[in-house]
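Got a structure here, written out as structure tokens. Questions coming.
Just so we're on the same page: letters track the sequence lines, and every chain starts at 1. Note: hydrogens, waters and symmetry copies are ignored here, and every other heavy atom, side chains too, is used. Remember, predicted model here, so these are calculated numbers, not experimental data.
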Amino acid sequence: MRLADVVSVSHAVARTSGRLEKTQHLADLLTRLPSDEIGIVVPFLSGSPRQGRIGIGGAMLSSMRDIPPADAPSLEIRDVDAAFDRLAAMSGAGSATSRSQVLRQLLGRATRDEQDFLVRLLFGELRQGALEGIVIDAIARASGIGAARIRRAVMLAGDPASVARTALVDGDAALSRFILEPFQPVQPMLADSATDVADAISTLGDAVIEYKLDGARIQVHKVDDEVKVYSRNLREVTAAVPEVVTVARGIPARAIVLDGEAIAMREDGTPHPFQITMRRFGRRLDVDRLRPDLPITPFFFDALYLDGEPLVDEPLARRMDLLTARVTASNVVPRVVTANPAEAAAFAAQALATGHEGVMVKALTGRYAAGRRGQTWLKVKQARTLDLVILAAEWSGRRKGTLSNLHLGARDSERGGFVMLGKTFKGLTDEMLAWQTKKFLALEIGRDAYTVFIRPEVVAEVAFNEIQASSQYPGGLALRFARVKRYRADKSAADADTFATIQEMYGQGSRL
DNA sequence: TCTGCCTGCCC
DNA sequence: ATTCTGC
DNA sequence: GCAGAATGGGCAGGCAGA
């Protein structure tokens with residue numbers, strides 16, 4: 001199949017807003033697609049190449065803007081896939097130059113529409129209003145198999161391409177080969193948010209409350225002495241966390257799959273900040289050098305498979321029993337089972353006092369809903385707010401032509417002026433975007449290519465989860481997960497929170 | 001060899 | 001990660 | 001309620017260029 005055929009379907013999908021119609025367009029394409037190209041095109045339509053990230057980012061892509069497009073389409077899907085293979089394989093001195101050349105060549109053979117498609121695909125912003133979720137529906141429609149069945153297979157397979165091939169070529173019965181088994185990582189279950197523990201308990205009933213650790217999600221697979229560790233996105237990270245391998249090897253089970261969190265702990269049993277955990281997690285070099293000073297500890301909270309039996313359809317209560325029967329308590333997330341809101345709230349307070357980011361509340365009857373934001377897991381995290389001054393805003397928000405991304409500053413009561421603590425666009429409705437675009441242009445004192453700087457007069461109440469060390473911002477501190485709660489028309493810049501306050505909050509947080 | 005930029009991937 | 005929006 | 005879009009900060013590692 002030609003790339004142009006895929007691009008034209010992508011356009012048709014982008015043009016319609018209806019999910020059913022998008023699905024139909026994609027299903028039609030899948031029906032026409034030669035079976036040996038399913039593995040290439042399904043990832044394209046889901047928003048990323050089969051090869052994943054291949055070392056091409058925004059800077060490289062913007063340097064390609066001058067390439068004249070071809071007049072007529074000529075690229076085959078296979079050509080593109082082959083070029084991506086070559087790009088992915090490049091490394092070492094001179095590789096950036098050759099990568100640029102190969103990409104340039106590819107884009108030079110593409111029409112304007114094809115160039116746009118390839119650039120969006122490589123940048124990771126397909127923006128056709130359909131990604132994996134809709135593609136799954138399309139696979140279901142094209143194969144005549146139920147969407148729930150396809151979805152489940154994708155969760156167990158970890159990716160939609162192999163499921164699409166099986167469904168379209170071999171049919172319904174063949175989907176039974178997608179089962180949970182060791183070394184075949186499954187998409188991890190995700191959680192919804194709740195505002196507080198009492199709220200979560202009242203939603204879920206009998207529940208387990210667990211510390212929510214601010215580390216990195218891990219899925220650990222073990223068969224006999226062989227162990228593999230996967231990240232939340234199913235990337236294999238075994239080499240980065242030998243401590244986890246050691247713990248897993250010590251578990252008295254022939255075969256087991258566990259879900260948990262890896263985190264750097266201090267000797268006193270309190271957690272390091274997330275930034276410190278990340279010095280170890282994701283590291284490939286010098287792991288042994290850092291190990292003594294910065295050990296990583298796994299804390300497990302679920303068991304998905306044990307000695308031949310998949311557990312994902314078992315209620316949480318049974319999975320917990322099996323987990324605690326095999327894993328030492330020091331490697332299980334601290335937890336309490338209760339339906340009593342007061343007891344749960346006390347446990348949550350204890351989690352925060354120990355330095356953790358909050359708690360998870362999970363229904364005891366819940367199945368393990370792989371890949372879904374299940375209604376049976378609720379996270380409760382502590383958020384605080386500050387009144388901060390808007391220093392500037394950047395163009396291009398949800399709708400073109402609005403000033404959306406806000407620069408947030410705290411008042412510097414000692415030296416005067418403001419200390420920037422980060423940016424956010426979150427929490428802004430369309431209505432607020434429209435209002436602030438007008439307002440900020442009236443306050444403009446200067447601009448560059450992307451940014452309008454304004455008189456520091458507008459105050460916003462900003463929620464955040466943590467203050468973290470920053471190498472980027474002038475005060476050496478930045479807000480984590482900042483979002484606007486509301487504008488404070490009743491406050492002026494002189495009423496805004498001071499940088500000294502933020503420094504104090506940071507000191508308290510990091511001493512815990 | 002050092003530094004800055006870019007990319008990928010955690011949250 | 002968080003949040004908003006359309007379906 | 002789901003799916004998608006839009007965008008945040010930081011760390012590690014690789015490469016290019018001074």
Quick check on DNA chain D: between D137(A) and R127(A), whose nearest nucleotide comes earlier from the 5' end? D137(A)

Is there a donor-acceptor contact under 3.5 Å from the side chain of R151(A) to the main chain of I136(A)? no

Within the structure shown, what part of the strands sits under 4.0 Å from K426(A) by heavy-atom distance: base, sugar-phosphate, or nothing? base

Once you apply a heavy-atom cut-off of 4.0 Å, does E466(A) come out as touching a base, just sugar-phosphate, or nothing? nothing

L408(A) CG to dT2(C) P, straight-line distance once rounded to whole Å: 17 Å

From the set dC10(B), dA3(D), dC11(B), return the single nucleotide nearest to any side-chain atom of N233(A). dC10(B)

Do you know the tightest heavy-atom contact between A469(A) and Y506(A)? CB-OH, 3.7 Å

Atom OH of Y368(A) and atom CG of L304(A): how far apart are they, to the nearest 0.5 Å? 5.0 Å

Less than 4.0 angstrom between a side-chain N/O of R53(A) and OP1 or OP2 of dC10(B), yes or no? no

Measure NZ/K423(A) against C1'/dG10(D) and give the value in whole Å, please. 14 Å

For nucleotides 12-18 of chain D, just jot down a letter per nucleotide in 5' to 3' order: B, S or -, based on protein non-hydrogen atoms under 4.0 Å. SSSSS--

Which part of the nucleic acid, if any, lies within reach of I134(A) when heavy atoms closer than 4.0 Å are counted: base, sugar-phosphate only, or nothing? sugar-phosphate

Interatomic distance where CG belongs to L131(A) and P belongs to dA6(D) [whole Å]: 10 Å

Look at all strands and tell whether R19(A) reaches a base, only sugar-phosphate, or nothing, counting heavy atoms closer than 4.0 Å. base

Between K381(A) and dC11(B), is there a contact of a side-chain N or O with OP1 or OP2 at under 4.0 Å? no

Starting at CZ of F123(A) and ending at P of dT7(B), how long is that distance when rounded to a whole Å? 9 Å

With a 4.0 Å cutoff (strictly under), does any side-chain N or O of Q275(A) reach OP1 or OP2 of dC11(D)? yes

Is any side-chain heavy atom of Y230(A) less than 4.5 Å from a side-chain heavy atom of F183(A)? yes

Would you check if L234(A) and P188(A) make a side-chain contact, meaning some heavy-atom pair closer than 4.5 Å? yes

What is the nucleic acid contact for T277(A), judged by heavy atoms within less than 4.0 Å: base, sugar-phosphate only, or nothing? nothing

Six-ring centre of F274(A), R480(A) cation under 6.0 angstrom, axis tolerance 45°: yes

Over all atoms of both residues, closest heavy-atom pair of V186(A) and Q219(A): O-NE2, 2.8 Å

Given atom CG of L122(A) and atom C1' of dG8(B), what is their separation to the nearest angstrom? 14 Å

Rounded to whole angstroms, how far apart are NE2 on H356(A) and C1' on dC11(B)? 17 Å

Counting just side-chain N and O atoms, does S17(A) come under 4.0 Å of either OP1 or OP2 of dC7(C)? yes

How is A130(A) classified with respect to the nucleic acid when contacts are heavy atoms under 4.0 Å: base, sugar-phosphate, or nothing? sugar-phosphate

Base, sugar-phosphate alone, or nothing: which one does I54(A) contact when heavy atoms must sit under 4.0 Å apart? sugar-phosphate

Does N405(A) place a side-chain N or O at less than 4.0 Å from the phosphate oxygens OP1/OP2 of dG8(D)? yes

Report yes if a side-chain nitrogen or oxygen of T429(A) is closer than 4.0 Å to either non-bridging phosphate oxygen (OP1 or OP2) of dC4(C); otherwise report no. no

Among the candidates dT2(C), dA3(D), dG10(D), find the nucleotide nearest to the side-chain atoms of S470(A). dG10(D)

Touch check for S193(A), heavy atoms < 4.0 angstrom, all strands: base, sugar-phosphate only, or nothing? nothing

Looking at every non-hydrogen atom in both residues, tell me the closest pair between L403(A) and A393(A) and how far apart they are. CD2-O, 3.5 Å

So, is K379(A) near the phosphate of dC11(B), with a side-chain N or O under 4.0 Å from OP1 or OP2? no

Within residues 55-64 of chain A, which residues have any heavy atom lying less than 4.0 Å from an atom of DNA chain B? G55(A), I56(A), G57(A), G58(A), A59(A), M60(A)

Starting from C1' on dC9(B), measure out to CZ on F274(A) and report it in whole angstrom. 9 Å

For atom CZ of R384(A) and atom C1' of dT2(C), their distance in whole Å: 17 Å

